[in-house]
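Data first, discussion second: the structure below is written as structure tokens.
Within every chain, numbering begins at 1; the chains are lettered A, B, ... in the order of the sequence lines, protein sequences first and strands thereafter.
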There are 2 protein chains.
Amino acid sequence: MNSLAKQVESPELAAACLRFIESGGHTTQSFGLGQVLGQVFALLYLSPKPLCLDEIVEELDVSKASVSTTVRQLEEWSAVHHVWVKGDRRDFYEAETDFKAMLRHGVLAPLRKKMDTAVVRIEHVEESLHKALEKTNPEQRAQARIVAERLQRARKFHAKINALLNNPWLDRLL
Amino acid sequence: MNSLAKQVESPELAAACLRFIESGGHTTQSFGLGQVLGQVFALLYLSPKPLCLDEIVEELDVSKASVSTTVRQLEEWSAVHHVWVKGDRRDFYEAETDFKAMLRHGVLAPLRKKMDTAVVRIEHVEESLHKALEKTNPEQRAQARIVAERLQRARKFHAKINALLNNPWLDRLL
DNA sequence: AAATACGTTCAGTTTACACTGAACGCTATG
DNA sequence: CATAGCGTTCAGTGTAAACTGAACGTATTT
């Protein structure tokens, strides 16, 4: 018997919640994140009150270790946040309802990070290529020039994406 | 000895290309796609002429099976496309240089697909919830109403993302 | 027809990672 | 001080997916 049945009297309502939680798990799994992540968030999102770790464990029937790491992951993305309950040592969590903020911290920020490292990688290659260019004879430069041009285009495209991710217009479209 | 060394006389230039290919592999791997994907594309992107499967195999030192499936994956995303060479039975491929088109087919399209299935899942839950609402007594409805409201918000947010992905402004920002 | 050249497919392997169970550290309580 | 409650950490497990090697089908050449 799970804790959801304790809070929710109607079995139909509980069933609907469970299906939503299951859907959340499938969705996050399809994005390469684990299924527990989506389940935990979905549960907290539907819960009328903040939940502590053990309640989540009992509800989802997953290990406490999974919930612990998952919750910190979600917290890092501003998808859930800590809630202190007076006179209770346990850590309670509730879902962030502002999806826009979630998207910024959970999707755009990590994306920017990866794009940055990609740009840095290309810049390193360009750098070593320019050094190589100096000590090559003319007929080799023709080839190198083509490569250099393509590297430059790749880097500029990455920069364009970065600019887009930082563009304030993007916020307004949400 | 790899084929790149046959096309490119300068060892420094070849080294730079290999580093770029390696970077491509790291990048795609960081996005959950395999590392071969990024390597194959990077190789084709820098190659002055279209390459056939065996040339890619020899260059990257991966199995032919990997290259075969990877190339079809890339082709599906419009990241590379087939090139026929007169009088040659082999399949040659060259990289798409239009990154914008790549982004549309390789990123936005699959993303839209996943968002759609997520919306459908939520709609199913909402549907079954509404059915459940009918046969519940009043005090249960209060709880159900809260859940219904949150489900609706989640669905609307997903719809908003879908709208954003289809928004023509997005194209103009690139 | 036999043999060769290409690309694809499929079973098996290896690798990567989500997840678990148990031990640990910390804090509060008896 | 001992004990219990709570969250975190870490080694180990299980599983999914990337990747491989070999067999296969098809088309081309001799």
Side-chain angles (χ1 to χ4, degrees), chain A residues 3 21-22 24-44 50-77 79-94 106 110 114, chain B residues 3 21-22 24-44 50-77 80-94 110 114:
Chain A
S3 65
I21 291 167
E22 194 186 349
H26 284 315
T27 301
T28 51
Q29 198 174 21
S30 82
F31 278 98
L33 319 160
Q35 70 169 359
V36 179
L37 196 99
Q39 288 178 358
V40 169
F41 178 77
L43 172 61
L44 290 172
L51 302 178
C52 70
L53 286 194
D54 281 321
E55 288 172 324
I56 300 173
V57 166
E58 190 184 359
E59 184 64 47
L60 301 180
D61 197 37
V62 291
S63 74
K64 200 172 183 178
S66 271
V67 175
S68 179
T69 57
T70 297
V71 159
R72 255 184 301 116
Q73 174 81 288
L74 286 170
E75 204 179 10
E76 198 172 303
W77 291 345
V80 305
H81 47 80
H82 222 145
V83 170
W84 274 271
V85 175
K86 53 149 191 169
D88 201 323
R89 280 173 51 212
R90 295 175 294 179
D91 295 344
F92 286 85
Y93 295 93
E94 68 179 11
K114 285 181 184 176
Chain B
S3 66
I21 290 168
E22 193 185 350
H26 285 315
T27 300
T28 51
Q29 197 173 21
S30 81
F31 278 96
L33 318 161
Q35 69 169 0
V36 178
L37 196 98
Q39 288 178 357
V40 169
F41 178 77
L43 171 61
L44 289 173
L51 302 178
C52 70
L53 287 193
D54 282 320
E55 286 171 325
I56 299 173
V57 166
E58 191 185 359
E59 185 63 46
L60 301 179
D61 198 36
V62 291
S63 74
K64 199 171 181 178
S66 273
V67 175
S68 179
T69 58
T70 297
V71 158
R72 256 184 298 119
Q73 174 82 285
L74 286 170
E75 204 179 11
E76 199 172 302
W77 291 344
V80 305
H81 46 81
H82 221 145
V83 170
W84 274 271
V85 174
K86 53 151 191 169
D88 201 323
R89 279 173 51 212
R90 296 175 293 179
D91 295 344
F92 286 85
Y93 296 93
E94 68 180 9
K114 286 181 183 176

_Is there, by distance only and without an angle test, a donor paired with an acceptor across the side chain of A/Arg89 and the base of C/dA28 below 3.5 Å?_
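No such pair is found, so the answer is no.
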*asked:* Are there over 12 heavy-atom neighbours, none belonging to B/Asp61, within less than 6.0 Å of that residue's CG?
replied: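 Open: at most 12 neighbouring heavy atoms sit under 6.0 Å from CG of B/Asp61.
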Figure out the [atom1]/[atom2] separation between [X] and [N], and round it to whole Å.
| X | N | atom1 | atom2 | answer |
| --- | --- | --- | --- | --- |
| A/Lys86 | C/dA28 | NZ | C1' | 18 Å |
| A/Leu60 | C/dA18 | CG | C1' | 15 Å |
| A/Asp88 | C/dT29 | CG | P | 10 Å |
| A/Trp84 | D/dG7 | CH2 | P | 12 Å |
| A/Asp91 | C/dA28 | CG | P | 12 Å |
| B/Asp54 | C/dG7 | CG | P | 6 Å |
| B/Gln73 | C/dT9 | CD | P | 14 Å |
| A/Ile56 | C/dC19 | CD1 | P | 14 Å |

*Which distance, rounded to the nearest 0.5 Å, do you find between the CG of B/Leu33 and the OG1 of B/Thr27?*
10.5 Å
*asked:* If I take atom NE2 from residue A/His81 and atom OH from residue A/Tyr93, how far apart are they, to the nearest 0.5 angstrom?
replied: 12.0 Å
_Flag, side chain of B/Thr28 to backbone of B/Gly34, donor-acceptor distance under 3.5 Å_ = yes
_Exam field: side chain A/Glu58 to backbone A/Glu55, donor-acceptor pair closer than 3.5 Å_ =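 No; zero donor-acceptor contacts below 3.5 Å.
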*Scan A/Val62, A/Val36, A/Thr70, A/Leu44 and name whichever one has a side-chain contact (heavy atoms from CB on, under 4.5 Å) with A/Ile56.*
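Single pass found, and it is A/Leu44.
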*Sugar-phosphate or base contact per nucleotide [nucleotides 16-22 of chain D; S, B, -; heavy atom under 4.0 Å]*: ---SBB-
*asked:* Between A/Ser68 and D/dT8, is there a contact of a side-chain N or O with OP1 or OP2 at under 4.0 Å?
replied: yes
*Does a nitrogen or oxygen in the side chain of A/Arg90 sit under 4.0 Å from OP1 or OP2 of D/dA4?*
no
*Measure the shortest side-chain to side-chain distance between A/Glu22 and A/His26 over non-hydrogen atoms and say whether it is less than 4.5 angstrom.*
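Yes; the side chains approach each other to less than 4.5 Å.
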